[in-house]
Enquirer: 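Would you mind keeping the following structure in view while I ask a few things?
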Amino acid sequence: MKLLMGILLALSLAVMVLCLFATHFKEHDLKNLVQNILSIAILIIFNYEIVLFLDDEQWNLFAHSIYFVATDWILYYLLQFSIEYSGSDFNQFVRKKAMIFLLMADSASLLLNTVSGHLFSLYVSDYKGESYYAMSTKPPFYVHYFIIIMLVSFCLISLFYRAFHMPLFYRSKYLAIAVILVIIILANIISFKKAIDFSIIGYSLEGIALYYCTFVFTPQRLLRKTLLLVSQDMTIGLIVLDIEGKLLYSNNFARDLLTSDSTLTDNQGMSFMEWCRKRYFSNEDNAAQDYIFYRGSDKITLNIQFQNLMDSHNNLQGAYFVIYDRTEEINKMKEERFLATHDSLTGLYNKSYFCHVVEGYIKSHTEEELLLLCTNIKDFKMINDLFGSQMGDMILKGCADIIRLKENKAIVYGRLNNDIFALLIRKSDFNENQFMSRMQEIFSSEIENEFSYPLINYIGVYEIIDRSIPVAVMCDRAKLAISKIKGDYHNRVAYYNETLRNDIRYETELISDLDDAIKQKQLKMYLQPQVSSDGKMLGAEALVRWEHPVKGMISPGQFIPVFEKNGLISDVDKYIWETACQQLLAWKKQGRDNLYISVNISPRDFYFLNIYQIFTELVEKYDINPRNLKLEITETAIIMDFQRQMELISKLREYGFSVEMDDFGSGNSSLNMLKDIYVDILKIDMIFLQKAQDEERSKKILQMIISLSKELGMPVITEGVETVEQVQFLTQMGCDMFQGYYFARPMKVEQFEKIYFTD
Ligand code: C2E
Ligand code: CA
Ligand code: CA
């Protein structure tokens with residue numbers, strides 16, 4: 001019996017030493033505790049071997065003490081372990097320091113027993129023919145028992161407490177340790193005062209169990225169930241097929257793909273399940289890639305990873321598909337790409353993308369003759385300011401619609417910025433007149449209906465000859481061509497060429513010279529007389545001339561359109577207006593306060609200046625009669641913003657100014673409109689006197705204008721009168737006043753005075 005027990009203990013001792021050794025290499029929070037417990041358990045077993053086989057009473061007594069001390073500490077560490085291992089909050093009830101103190105005291109008392117014998121003594125006993133040392137205990141020994149019972153109870157409470165707060169799967173882990181502990185106690189009770197203490201084996205079992213639970217044990221069912229839960233709710237689809245290609249498992253995500261109301265199909269109408277099966281039987285290699293499927297009309301992009309399942313002998317077991325829905329990601333990418341490459345208002349390409357696409361096209365179509373067109377809406381900024389940006393947006397969208405038209409045959413088109421659109425077109429496809437009239441037709445029918453202002457789109461054309469020039473520069477050149485037409489009422493298309501470049505350089509020079517021109521009085525006011533039908537000089541129109549120190553005499557036709565484009569015209573006008581007032585004052589002082597001067601107001605001035613304020617201040621400053629300052633407002637300026645202009649004109653007339661409608665008949669106004677216009681004088685444009693194709697027709701119109709204004713009580717002046725015949729028929733028609741080369745050309749003030757002040 002002794003031998004059997006000895007062998008059993010030796011075996012378990014070997015296993016535990018192995019465990020202890022293995023623990024050394026583990027990484028775990030509880031590593032130290034497990035090492036302590038295993039070490040003490042090894043000590044207990046080794047010690048018990050001594051008890052079993054050593055025949056010396058004194059040594060045996062000492063070994064017993066060691067055994068009891070060791071049980072104290074092994075239970076202590078077990079308690080620590082069970083608290084830590086189970087992560088229970090039980091440790092808040094256990095006073096660690098007090099316990100260690102108690103255990104130290106008990107250990108000291110137990111070791112002292114070897115010499116004092118105050119706890120127990122040994123006597124030789126006999127069991128089945130073999131002799132053992134049996135123990136006779138004294139009452140103080142029960143203190144040790146009490147400590148043991150306390151520790152065991154704490155351990156058990158802690159373990160059970162945790163076990164029953166845990167899901168079922170985890171419970172076994174805690175219960176295993178608790179049960180072994182109970183077995184040790186029971187064995188201890190059974191073998192109490194018996195010859196052989198079977199509980200010793202329990203310690204080795206407990207040590208090994210701890211090792212197993214801590215480092216080896218993972219509940220398989222738990223693992224399976226957990227994996228299943230994880231895979232069910234993943235946002236990635238998982239489909240597993242068995243060896244015959246039947247569906248073995250699919251998670252929630254994949255089930256949606258397989259069995260939704262509107263089925264998912266590939267481009268040949270094959271259902272998703274069939275598709276998976278076909279892929280499985282296709283014997284193709286494992287791979288992951290994007291596939292397109294359809295749900296109704298919706299396009300779905302799935303990234304599918306296919307993998308054959310092999311067992312350890314490399315035999316096919318089935319296959320699985322890992323499916324990742326990339327639809328949203330791809331749509332988002334497309335949307336982002338769209339936003340980065342398109343203009344948000346019109347949906348056309350933006351500038352950088354337009355240039356990029358054009359560049360690609362130019363490079364790959366070297367044999368084609370190509371044009372780059374830019375369009376620009378006349379006075380768009382002003383329209384935007386006057387009618388609001390909502391209206392502006394509407395016009396831009398309309399413009400984009402025109403650009404998009406198939407008939408335009410544009411290869412690439414886009415919106416560069418603001419009201420500037422660009423097109424790439426084959427030279428052979430571009431018919432200037434057709435293109436313009438189509439554009440103007442749609443412009444007037446689609447947009448003007450909602451909007452009474454006449455819209456005009458200018459076009460600048462750049463012919464692509466040198467293909468190495470950056471597309472952005474080509475666009476700039478086409479735009480430059482447009483800047484040349486602005487202000488020219490008859491021309492709407494301009495081609496970029498070297499002359500244009502020179503013109504533009506010339507314009508730039510004019511712009512930079514203007515400041516000096518005003519300061520150095522290079523701008524001169526010329527006067528052209530206005531005469532009555534009997535030839536009497538009534539007054540004069542002020543016409544500006546630029547006596548440039550280098551470029552010589554520049555006529556207003558050359559620089560006014562340039563300054564009208566950028567608003568500098570207002571500086572010129574203010575200067576001439578003031579000069580005119582100074583002249584009127586000078587004449588007044590000479591007693592000639594019956595003469596008047598007509599000054600021109602550019603349509604742009606209404607936009608940049610407070611006309612009413614400027615003129616009233618001027619007449620007050622120079623103390624002249626407003627009646628002597630006539631204001632020429634062009635027909636275009638009036639139509640552009642009819643209501644406001646009429647209000648302004650009526651205010652100016654109320655103050656005493658005489659208002660003339662200049663260039664009547666050159667713009668878009670109708671005769672009909674005359675009755676709504678209240679001005680002092682109507683100035684008929686010289687266009688009717690110029691050699692017209694149909695002279696008779698021009699004369700008829702002239703006659704109608706003159707008759708109508710007579711009826712409305714408005715005096716008429718005709719400008720551009722060059723011949724005596726013109727004077728005659730105009731007089732017959734009832735024209736009151738004339739202005740033109742027939743009477744006199746515009747001239748310097750001194751000359752004017754010399755000719756007309758001869759009295
Ligand atoms: P406009 O106001 O219609 O002025 C009449 C133009 O016709 C003047 O040209 C004048 O010289 C010209 N003219 C006069 N009689 C005859 C004629 O019998 N036959 C022909 N063929 N032409 C005649 P000019 O001085 O070159 O001015 C051109 C335009 O420049 C003016 O047209 C006016 O719109 C503008 N302009 C001139 N001075 C000023 C100014 O100080 N301010 C503004 N805003 N515009 C001005
Ligand atoms: Ca004029
Ligand atoms: Ca005129």
Side-chain angles (χ1 to χ4, degrees), residues 487-489 514 517-518 521-531 539-547 553-583 596-609 611 614-615 618 629-638 658-667 669 679-692 705 716-727 730 735 737-749 751-752:
D488 179 343
Y489 294 115
L514 181 64
I518 293 177
K521 302 201 179 217
Q522 294 166 16
L523 295 182
K524 294 277 159 26
M525 179 182 75
Y526 275 44
L527 295 174
Q528 187 179 31
Q530 296 185 338
V531 300
E541 176 175 5
L543 293 162
V544 66
R545 298 288 180 269
W546 187 345
E547 285 172 4
M553 166 85 111
I554 313 172
S555 69
Q558 271 175 286
F559 63 86
I560 285 190
V562 178
F563 295 149
E564 275 189 327
K565 269 187 282 186
N566 54 24
L568 286 175
I569 183 65
S570 306
D571 295 341
V572 178
D573 279 352
K574 278 192 292 184
Y575 177 76
I576 295 293
W577 299 340
E578 182 136 19
T579 314
C581 291
Q582 285 164 351
Q583 194 58 58
Y596 66 82
I597 295 180
S598 291
V599 293
N600 289 288
I601 304 175
S602 155
R604 291 261 140 180
D605 291 334
F606 297 100
Y607 188 62
F608 291 108
L609 302 174
I611 297 290
I614 288 179
F615 281 110
L618 273 176
L629 192 63
K630 293 199 178 178
L631 311 179
E632 297 197 6
I633 302 177
T634 62
E635 185 199 53
T636 344
I638 294 178
S658 212
V659 177
E660 246 176 64
M661 189 203 256
D662 199 1
D663 299 341
F664 185 79
S666 68
S669 68
V679 290
D680 297 281
I681 300 173
L682 195 69
K683 192 168 188 181
I684 300 174
D685 198 78
M686 61 185 84
I687 195 162
F688 298 105
L689 298 183
Q690 280 157 3
K691 279 264 172 269
I705 297 174
V716 180
I717 176 168
T718 310
E719 59 181 338
V721 181
E722 293 181 351
T723 63
V724 67
E725 294 82 39
Q726 288 171 342
V727 180
L730 284 168
C735 181
M737 291 181 281
F738 307 91
Q739 181 183 344
Y741 294 168
Y742 175 72
F743 299 99
R745 290 189 172 248
M747 60 191 88
K748 289 186 176 172
V749 177
Q751 201 185 350
F752 184 86

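Just so you know, these numbers use all the heavy atoms, side chains as well, and skip hydrogens, waters and symmetry mates. No experiment lies behind these values; they were computed from the predicted model shown. Counting starts at 1 for both ligands and their atoms, following the listed order.
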Enquirer: Ignoring angles and geometry beyond distance, decide whether Glu541 reaches within less than 3.5 Å of ligand 1 through its nitrogen or oxygen atoms.
Expert: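 Yes: some nitrogen or oxygen of Glu541 is under 3.5 Å from one in ligand 1.
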Enquirer: Check Glu564 with Arg604, please: is the shortest side-chain N to carboxylate O separation under 4.0 Å?
Expert: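 Here Arg604 does not pair with Glu564 in a salt bridge, since their nearest N and O are not under 4.0 Å apart.
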Enquirer: Going by the rule side chain to side chain contact (heavy atoms under 4.5 Å, CB included), which residues pair with Tyr575 if we only count those two or more places apart in sequence or in a different chain?
Expert: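 Only Ile518, Lys521, Leu523, Thr579 meet the side chain to side chain contact (heavy atoms under 4.5 Å, CB included) criterion with Tyr575.
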Enquirer: So, using side chain to side chain contact (heavy atoms under 4.5 Å, CB included) as the criterion, who are the partners of Thr723 when residues are at least two apart?
Expert: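 Per chain and number, Thr723 pairs via side chain to side chain contact (heavy atoms under 4.5 Å, CB included) with Glu725, Gln726.
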Enquirer: What N/O/S atom of Glu541 is the closest to the Ca ion (ligand 2)?
Expert: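 Among the N, O or S atoms of Glu541, the one closest to the Ca ion (ligand 2) is OE2.
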Enquirer: Only heavy atoms of Asp663, strictly under 4.0 Å: list the atoms of ligand 1 that pass.
Expert: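 By the 4.0 Å cutoff, the relevant atoms are 3 (O).
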Enquirer: For ligand 1, which part of Arg745 has a heavy atom less than 4.0 Å away: the side chain, the backbone, both, or neither?
Expert: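 Contact part for Arg745 vs ligand 1: neither.
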Enquirer: Using distance alone, determine whether Tyr741 and ligand 1 share an N or O pair under 3.5 Å.
Expert: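 Among all N and O atoms of Tyr741, at least one is under 3.5 Å from an N or O of ligand 1.
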Enquirer: Going by atom types alone, do Glu541 and Gln528 pair a side-chain donor with an acceptor below 3.5 Å?
Expert: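 Not at all, the side chains of Glu541 and Gln528 share no donor-acceptor pair under 3.5 Å.
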Enquirer: Taking heavy atoms and a distance under 4.0 Å, where does Met525 meet ligand 1: side chain, backbone, both or neither?
Expert: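 The answer is neither; Met525 stays 4.0 Å or more away.
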Enquirer: Going by the closest heavy atom to atom 44 (N) of ligand 1, which one wins out of Thr634, Asp573, Ile560, Leu523?
Expert: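 The nearest heavy atom belongs to Asp573.
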Enquirer: Looking only at N/O atoms, are Gln528 and ligand 1 under 3.5 Å apart anywhere?
Expert: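 Checking ligand 1 against Gln528, an N or O pair does fall under 3.5 Å apart.
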Enquirer: Please work out which of Val572, Ile601, Leu543 has its closest non-hydrogen atom nearest to atom 37 (C) of ligand 1.
Expert: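 Selected option, by shortest heavy-atom distance: Leu543.
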Enquirer: Can an N or O of Asp662 be found at a distance shorter than 3.5 Å from an N or O of ligand 1?
Expert: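 Yes; at least one N/O pair falls below 3.5 Å.
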Enquirer: Is Asp685 touching ligand 1 with its side chain, its backbone, both, or neither, if touching means heavy atoms under 4.0 Å apart?
Expert: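 For Asp685, there is no contact with ligand 1 at all, from either part.
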Enquirer: Which residue and atom name correspond to the protein heavy atom nearest atom 30 (O) of ligand 1, and how close is it?
Expert: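 Nearest protein contact, heavy atoms only, for atom 30 (O) of ligand 1 is Pro556 CB, 3.7 Å.
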Enquirer: Heavy-atom contacts with Glu722 under 4.0 Å: which atoms of ligand 1 show up? List them by number with element.
Expert: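 Heavy-atom distances to Glu722 below 4.0 Å select 17 (C), 18 (O), 19 (N), 20 (C), 21 (N).
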Enquirer: Quick one: which ligand 1 atoms are inside 4.0 Å of a heavy atom on Val721?
Expert: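 What qualifies from ligand 1 is 18 (O).
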Enquirer: As an exercise, identify every atom of ligand 1 less than 4.0 angstrom from a heavy atom of Glu719.
Expert: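 So the answer, numbered in order with elements, is 3 (O), 5 (C).
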Enquirer: Would you please name every residue forming a side chain to side chain contact (heavy atoms under 4.5 Å, CB included) with Ala637, sequence neighbours left out?
Expert: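 In terms of side chain to side chain contact (heavy atoms under 4.5 Å, CB included), with neighbours along the sequence ignored, Ala637 is linked to Pro603, Phe606, Ile633, Thr634, Gln645.
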Enquirer: At distances under 3.0 Å, what protein N, O or S atoms surround the Ca ion (ligand 3)?
Expert: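 Protein N/O/S atoms under 3.0 Å of the Ca ion (ligand 3): Asp662 OD1, Asp663 OD1, Glu719 OE1, Glu719 OE2.
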Enquirer: I'd like the name of whichever of Gln558, Gln739, Met686 reaches closest to atom 7 (O) of ligand 1 through any heavy atom.
Expert: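 Comparing heavy atoms across Gln558, Gln739, Met686, the nearest one to atom 7 (O) of ligand 1 lies in Met686.
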Enquirer: Tell me whether ligand 1 is touched by Ser555 - counting only heavy atoms on the residue side and a distance under 4.0 Å.
Expert: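 Distance cut 4.0 Å: Ser555 fails for ligand 1.
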